[in-house]
Amino acid sequence: MRKSRINSDFLRMLIILAVLLIFAGVTRGSAFMSVLNFQTIGKQLTEYGLMAMGLSLAMITGGIDLSTVYIANLSGASAALIMKSIAPHGEISGILVACAVALLIGLLCGGLNGFLVSVVKVPPMLATLGTYELFYGITIVLSNGKSITVISQFKKFASTMVFGVVPLPFVIFLAAAIILSIMVGKSAFGRRLHLVGVNPKASLFSGINNVRIITLAYMISGLLSAIAGLISLSRVASVKADFGSSYVMMTILIAVLGGCDPNGGAGEIPGVATAVIVLQVISAYLNTIPWINNYYRQALYGLLLLGFMTYKFYRIKQRRR
């Protein structure tokens, strides 16, 4: 039963993606169906795509991670400051140290979230809302409330093309999606992750270490957020404490569209990864229509989230009958 649900989530998103691409090609033609446009899509989806996949792990356990964006900003700001301090001329060793520290910060931030949720038993929404403010505040202190610019050499990372065609950030996104798909769909960790989300008491009595599984899920979410922060730092060439605030809602929307159940116990990475691409295709399509204001986009995302959540809960209610 679980396998058919996974396939249906993934298949549904693939069908939606195919329909969107056909519709965009017919209505916008070369304004949409160009190599440059698809390269832009690949670059732009990576950051919130990584955070959405991390949030999905937390959601499968029955929790949520509202701090992903601010972990990304804290990690990016820390990396930028270290680069400016020990690698002012683009020394590779200094850049690598800065990236390693940023990834470690992501893991530690995720570990704090996991500790609060699994050990202290703070409700996930309140725990990650609190850490979101904590990480946001620390980033403001580090940056003095200003943007931190990055050295020019690091900016080349996000603009690199694999085989001269595929953006490197998109390759990283695909690699993360494949690794997480195997972890969540094929490994013992994935099975335990779902069981914790379905019934934490039953998983505990079956010998599963709930604290370890939940903490690991949030640590992976923090690590993915840190990677997103580094990619964002390279792409935009700067970082600010409140950068990407709108991504919080987008990551939740993506996780739900991809098949994650907010109540826990359901969700797989292939559906979530495809939902990321679907959302960015919609965004890119709207960009080709000059009379549609960009500010309407958030309203559209909110309607999508409300509509899909209503549909999903209606289906659950029908099945229970």
Next on the checklist: Distance check, rounded to the nearest 0.5 Å: Ser232 atom OG versus Leu50 atom CG?
Outcome noted: 11.0 Å

Checklist entry - Can you name the nearest heavy-atom pair linking Met33 to Gly25, along with the distance? => result CG-CA, 3.5 Å

Checklist entry - Between Thr46 and Ile227, does a side chain to side chain contact (heavy atoms under 4.5 Å, CB included) hold up when you go through it step by step? => result CA-CA 10 Å; Thr46 301; Ile227 296 172; over 6 Å; no

Item to check | Straight-line distance of Tyr132 OH to Leu126 CG, nearest 0.5 Å | outcome: 13.5 Å

Checklist entry - How many angstroms lie between OG in Ser56 and CE in Met59, if you round to the nearest 0.5 Å? => result 6.5 Å

Item to check | Neighbour count >12 (heavy atoms, 6.0 Å) for atom CE, Met125 | outcome: no

Checklist entry - Pick from Ile254, Thr251, Ile60: which one makes a side chain to side chain contact (heavy atoms under 4.5 Å, CB included) with Leu55? => result Thr251

Checklist entry - Are any of the side-chain heavy atoms of Leu224 and Leu180 separated by less than 4.5 Å? => result yes

Checklist entry - In the single-linkage hydrophobic clustering (I, L, V, M, F, W, Y; side-chain heavy atoms under 4.5 Å), do Ile178 and Ile269 co-cluster? => result no

Next on the checklist: Contact between Leu21 and Phe38 at the side-chain level, heavy atoms closer than 4.5 Å - yes or no?
Outcome noted: yes

Checklist entry - Does the side chain of Phe170 reach to within under 4.5 Å of the side chain of Val162, using non-hydrogen atoms? => result no

Checklist entry - Linking I/L/V/M/F/W/Y whenever any side-chain heavy atoms sit under 4.5 Å apart, do Phe243 and Val69 land together? => result no

Checklist entry - When you measure from the side chain of Ser85 to the backbone N and O of Ile82, does any donor-acceptor pair fall under 3.5 Å? => result no

Checklist entry - Applying the 4.5 Å side-chain criterion to the ILVMFWY set and letting contacts propagate, would Ile179 and Leu107 be lumped into a single cluster? => result yes

Next on the checklist: I'd like to check Tyr70 versus Val248 (side-chain heavy atoms, cut-off strictly below 4.5 Å). Are they in contact?
Outcome noted: yes

Item to check | Test side chain to side chain contact (heavy atoms under 4.5 Å, CB included) applied to Val120 and Phe115, step by step | outcome: CA-CA 7 Å; Val120 185; Phe115 173 78; 3.4 Å; yes

Checklist entry - Has the side chain of Arg12 got a donor or acceptor atom that lies under 3.5 Å from a matching backbone atom of Leu257? => result yes

Checklist entry - At their closest point, which heavy atom of Leu74 faces which heavy atom of Ser78, and how far apart are they? => result O-OG, 2.8 Å

Checklist entry - Where does the angle between the aromatic ring planes of Tyr285 and Phe32 fall among parallel (under 30°), tilted (30 to 60°) and perpendicular (over 60°)? => result perpendicular

Checklist outcome for this item: Nearest heavy-atom contact between Lys84 and Thr149 is CD-O, 3.4 Å

Checklist entry - At their closest point, which heavy atom of Ile231 faces which heavy atom of Ala158, and how far apart are they? => result O-CB, 4.2 Å

Checklist entry - Are Val117 and Leu134 in one and the same hydrophobic cluster, where Ile, Leu, Val, Met, Phe, Trp and Tyr link if side-chain heavy atoms are under 4.5 Å apart? => result yes

Item to check | Heavy-atom pair with the smallest gap, counting every atom of Glu268 and Val184 | outcome: OE1-CG1, 3.4 Å

Checklist entry - Should Val236 and Met51 be counted in the same cluster of Ile, Leu, Val, Met, Phe, Trp and Tyr side chains packed under 4.5 Å apart? => result no

Item to check | CG-CD1 distance between Asn199 and Ile208, expressed to the nearest 0.5 angstrom | outcome: 10.5 Å

Item to check | Donor-acceptor pair, side chain of Asn144 and main chain of Lys146, under 3.5 angstrom | outcome: no

Checklist entry - Does a side chain donor of either Asn73 or Thr139 reach within less than 3.5 Å of an acceptor in the other side chain? => result no

Item to check | Expected output: side-chain Ser283 to main-chain Gln280 donor-acceptor under 3.5 Å | outcome: no

Checklist entry - salt bridge (charged side-chain N to carboxylate O under 4.0 Å, His left out) with Arg28: which residues, sequence neighbours excluded? => result none

Checklist entry - Going from CD1 on Ile140 to CG on Asp242, what distance comes out if it is rounded to the nearest 0.5 angstrom? => result 7.5 Å

Checklist outcome for this item: For Ser159 and Lys156, the nearest pair of non-hydrogen atoms, with its separation, is OG-O, 3.1 Å

Checklist entry - Going by heavy atoms in the side chains, are Cys109 and Thr131 under 4.5 Å from each other? => result no

Next on the checklist: Test your reading of the model: is there a side-chain donor-acceptor pair from Ser75 to the backbone of Ile71, 3.5 Å cut-off?
Outcome noted: yes

Next on the checklist: side chain to side chain contact (heavy atoms under 4.5 Å, CB included) for Leu233 and Phe157? Distances and angles first, verdict last.
Outcome noted: CA-CA 10 Å; Leu233 177 64; Phe157 175 75; over 6 Å; no

Checklist entry - Do Ser221 and Asn113 have side chains that get closer than 4.5 Å, going by heavy atoms? => result no

Next on the checklist: Could you check whether any side-chain heavy atom of Ser234 comes within less than 4.5 Å of a side-chain heavy atom of Leu230, counting everything from C-beta outward?
Outcome noted: no

Cut-off 3.5 Å, no hydrogens considered: what does the side-chain donor-acceptor table look like for residues 94-105, sequence neighbours left out?
none

Checklist entry - If we only count heavy atoms from C-beta on, is the Leu57 to Met183 side-chain gap below 4.5 Å? => result no

Checklist entry - Is the gap between the ring centers of Tyr247 and Tyr48 under 6.0 Å? => result yes

Checklist entry - Rounded to the nearest 0.5 Å, how far does OG of Ser67 lie from CG of Leu112? => result 8.5 Å

